[in-house]
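These notes are about the structure you will find just below.
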Number of protein chains: 2
Amino acid sequence: MSPGKSKRQELLCRYLEENPFLTDNELAHMLGVSIQTVRLDRWGLSIPELRKRLREVAKGSYGQVSALQKEEWIGDLVDLEPGSQGVSILEVSEEMTLNSTKVARGHYIFAQANCLAVSLVNTKVALTGTAKISFKRPVYCGEKVIARAFISRKKDNKFIVRVTSKVQDETIFQGKFLIFAIA
Amino acid sequence: MSPGKSKRQELLCRYLEENPFLTDNELAHMLGVSIQTVRLDRWGLSIPELRKRLREVAKGSYGQVSALQKEEWIGDLVDLEPGSQGVSILEVSEEMTLNSTKVARGHYIFAQANCLAVSLVNTKVALTGTAKISFKRPVYCGEKVIARAFISRKKDNKFIVRVTSKVQDETIFQGKFLIFAIA
DNA sequence: AAATACTTTAATACCAGATACTAAATTAGA
DNA sequence: TCTAATTTAGTATCTGGTATTAAAGTATTT
């Protein structure tokens, strides 16, 4: 991949993030390339056409739910062995950060860990009882948080789950969750 | 104007109010008339085409999105004395609960407390360092959670904030947050 | 019943903003 | 220099329309 291509694709993303209502034609002019190249780039980045983007924005806003509200889970489960361990990835988006800085709100990091911890417990319903958590350093917009969790102890319907969240091998969060399984 | 026409136009409006993402074709089938009649009706009612409707909804919401981002707090601040204490109310909605039961996800309760704790610290940026939290009992859909927070200790740029969340005088959550103020 | 007006349907040409595909031209890397 | 990646071009096709003209169908009135 040429440097021009990846740089252009980055730009394209930035333009569309700023203004998702741009046509391929407008993008082509802005980037100084042909419309075919723009389409090829969009395809490579799996960005849908303008009309679908409009549909998404429109439909998304039609439900009118806030970011944390509409997400069932915070983070994407990439590996899960119920009853043992699991891994979840969360890419920190603009909505999760404070305005002035680009630092993620603590409760998103917590939410990711909590979701993962709860999903480890292999029952219909699991509830967090207590938790001791620690944010090691701020996480910035765009960073990928990888949370790893494992069940460290189990007694009756009580589970102790330890979660460590990292950004590129640097621990940014640690938590110990006591979780109750409910039958 | 025949009664059939005005009745149909009323129906058309109702359908579009319910779901503005309907094509003329779909409307024609729903109303049992030809597509031309639908277009004529839309013209008479000066209802724009689907794509323009989408654009409007999308653009209209796009301004609001950034406005919502600014004050994306979990919970409503009802009382706040920065540097001392504050109260926040959160009504648990369907989106915050698990599907099977009607129990609120722990991280919403945490998020409310965390937001409140951070807002108590009267600086531009405040970050949660560590927290020790405890969920006393599940919270159900529709319940109003009242979180009260106060700064229990302060040293340099470190604040210890204690939060107690209640549902009708019953404590459902307690937390101790160590928060860093950043200049 | 016939003439007139209103309503509905049909048909055609055209547009924006795309997809899907083929192919040629350009550029960069070995 | 030759090859492979990248970019551009061109064409056919799609959706969901607009705009226009024309032809039916249905009342309404005279």
Side-chain angles (χ1 to χ4, degrees), chain A residues 1-65 67 70 76 91 93-95 142 144, chain B residues 1-66:
Chain A
M1 198 183 286
S2 83
K5 186 176 179 180
S6 54
K7 233 178 198 171
R8 189 187 56 236
Q9 295 195 341
E10 239 178 272
L11 253 178
L12 190 148
C13 284
R14 278 239 304 280
Y15 286 154
L16 282 182
E17 264 170 51
E18 235 177 79
N19 178 10
F21 309 127
L22 293 167
T23 63
D24 288 355
N25 209 336
E26 290 170 317
L27 285 165
H29 279 94
M30 291 167 79
L31 297 165
V33 290
S34 74
I35 201 168
Q36 284 82 355
T37 305
V38 171
R39 307 231 223 254
L40 224 59
D41 281 349
R42 262 202 309 103
W43 195 84
L45 297 161
S46 54
I47 294 171
E49 60 168 301
L50 167 65
R51 287 158 188 169
K52 281 190 188 157
R53 295 196 303 269
L54 280 175
R55 264 198 127 80
E56 278 170 22
V57 174
K59 285 201 171 166
S61 78
Y62 210 66
Q64 263 191 6
V65 227
K70 80 177 160 195
D76 302 314
E91 188 165 351
S93 66
E94 192 102 27
E95 297 88 34
K144 273 206 182 87
Chain B
M1 199 182 286
S2 83
K5 188 177 179 180
S6 55
K7 230 177 197 173
R8 189 186 56 234
Q9 295 195 341
E10 238 179 271
L11 252 178
L12 190 148
C13 284
R14 277 239 305 280
Y15 286 154
L16 282 181
E17 263 170 52
E18 233 177 79
N19 178 11
F21 309 127
L22 293 167
T23 64
D24 287 356
N25 210 333
E26 291 170 317
L27 286 165
H29 279 94
M30 290 167 79
L31 297 165
V33 290
S34 74
I35 202 168
Q36 284 82 356
T37 304
V38 171
R39 309 232 223 252
L40 223 60
D41 282 348
R42 264 203 306 104
W43 195 84
L45 297 160
S46 55
I47 294 170
E49 62 169 297
L50 168 65
R51 284 157 188 170
K52 281 189 186 157
R53 295 196 304 268
L54 279 176
R55 265 198 124 79
E56 278 170 21
V57 174
K59 284 201 170 164
S61 78
Y62 209 65
Q64 288 175 2
V65 167
S66 52

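Since the structure is predicted, the reported quantities are computational estimates derived from the model, not experimental observations.
Closest to the side chain of Asp24(B), out of dA18(C), dT8(C), dG17(D), is dG17(D). Closest to the Gln36(B) side chain, of the nucleotides dA9(D), dA11(C), dG17(D), is dA11(C). Looking at the side chain of Arg39(B), the nearest of the listed nucleotides dT19(C), dT7(C), dT18(D) is dT18(D).
Note on Thr37(A): a side-chain N or O is less than 4.0 Å away from OP1 or OP2 of dT8(D). A sub-4.0 Å separation between OP1 or OP2 of dT8(C) and a side-chain N or O of Arg8(B) is present. Under 4.0 angstrom from either OP1 or OP2 of dT8(D) there lies at least one side-chain N or O belonging to Ser34(A).
Annotation for Arg53(B) and Leu22(B): closest pair NH2-O, 2.6 Å, computed over non-hydrogen atoms. Taking all atoms of both residues into account, the shortest heavy-atom contact from Glu26(B) to Phe21(B) is OE1-O, 4.0 Å.
Among the atoms of the strands shown, none is found under 4.0 Å from any heavy atom of Asn25(B). Residue Glu49(A) is in sugar-phosphate contact alone, with no base atom involved, counting any heavy-atom pair closer than 4.0 Å across all strands shown. Within 4.0 Å (heavy atoms only), Arg42(A) reaches sugar-phosphate atoms of the nucleic acid but no base atom. Using a 4.0 Å heavy-atom criterion, one finds that Ile35(B) contacts no nucleic acid atom at all.
The interatomic distance linking Lys5(B) (NZ) with dG25(D) (C1') rounds to 15 Å, in whole Å. One interatomic measurement links the two molecules: CG of Leu50(A) to P of dG16(D), which rounds to 14 Å at whole-angstrom precision. One interatomic measurement links the two molecules: NZ of Lys7(A) to P of dT6(D), which rounds to 16 Å at whole-angstrom precision. In this structure, Arg53(B) atom CZ and dG17(D) atom C1' are separated by 11 Å, rounded to whole Å. When the P atom of dT8(D) is taken as reference, atom CH2 of Trp43(A) falls 18 Å away, rounded to whole Å. Spacing between atom NE2 of His29(A) and atom C1' of dG17(C) amounts to 15 Å, rounded to whole angstrom units. Computed from coordinates, the Leu27(B) CG to dT9(C) P distance equals 14 Å when rounded to whole Å. Distance Leu16(A) CG to dA18(C) P: 10 Å, rounded to the nearest Å.
In this structure, Asp41(A) CG and Glu10(A) CD are separated by 12.0 Å, a value rounded to the nearest 0.5 Å. Between atom CG of residue Leu54(B) and atom CD of residue Glu49(B) there is a gap of 9.5 Å, rounded to the nearest 0.5 Å. To the nearest 0.5 Å, the span separating CD1 on Ile47(A) from CD on Glu17(A) amounts to 9.0 Å.
Map Gly32(A) and Ile47(B) each onto its nearest nucleotide of DNA chain D; the residue landing nearer the 5' end is Gly32(A). Position along DNA chain C of the nearest nucleotide to Pro48(A) versus Val38(B) favours Val38(B) as the more 5'-ward residue.
No hydrogens or angles were tested; on distance alone, nothing pairs the side chain of Arg51(B) with the base of dG17(D) as donor and acceptor under 3.5 Å.
Paired with Ile35(B) under the rule side chain to side chain contact (heavy atoms under 4.5 Å, CB included), one option of Leu27(B), Thr23(B), Leu40(B), Asn25(B) passes, and it is Asn25(B).
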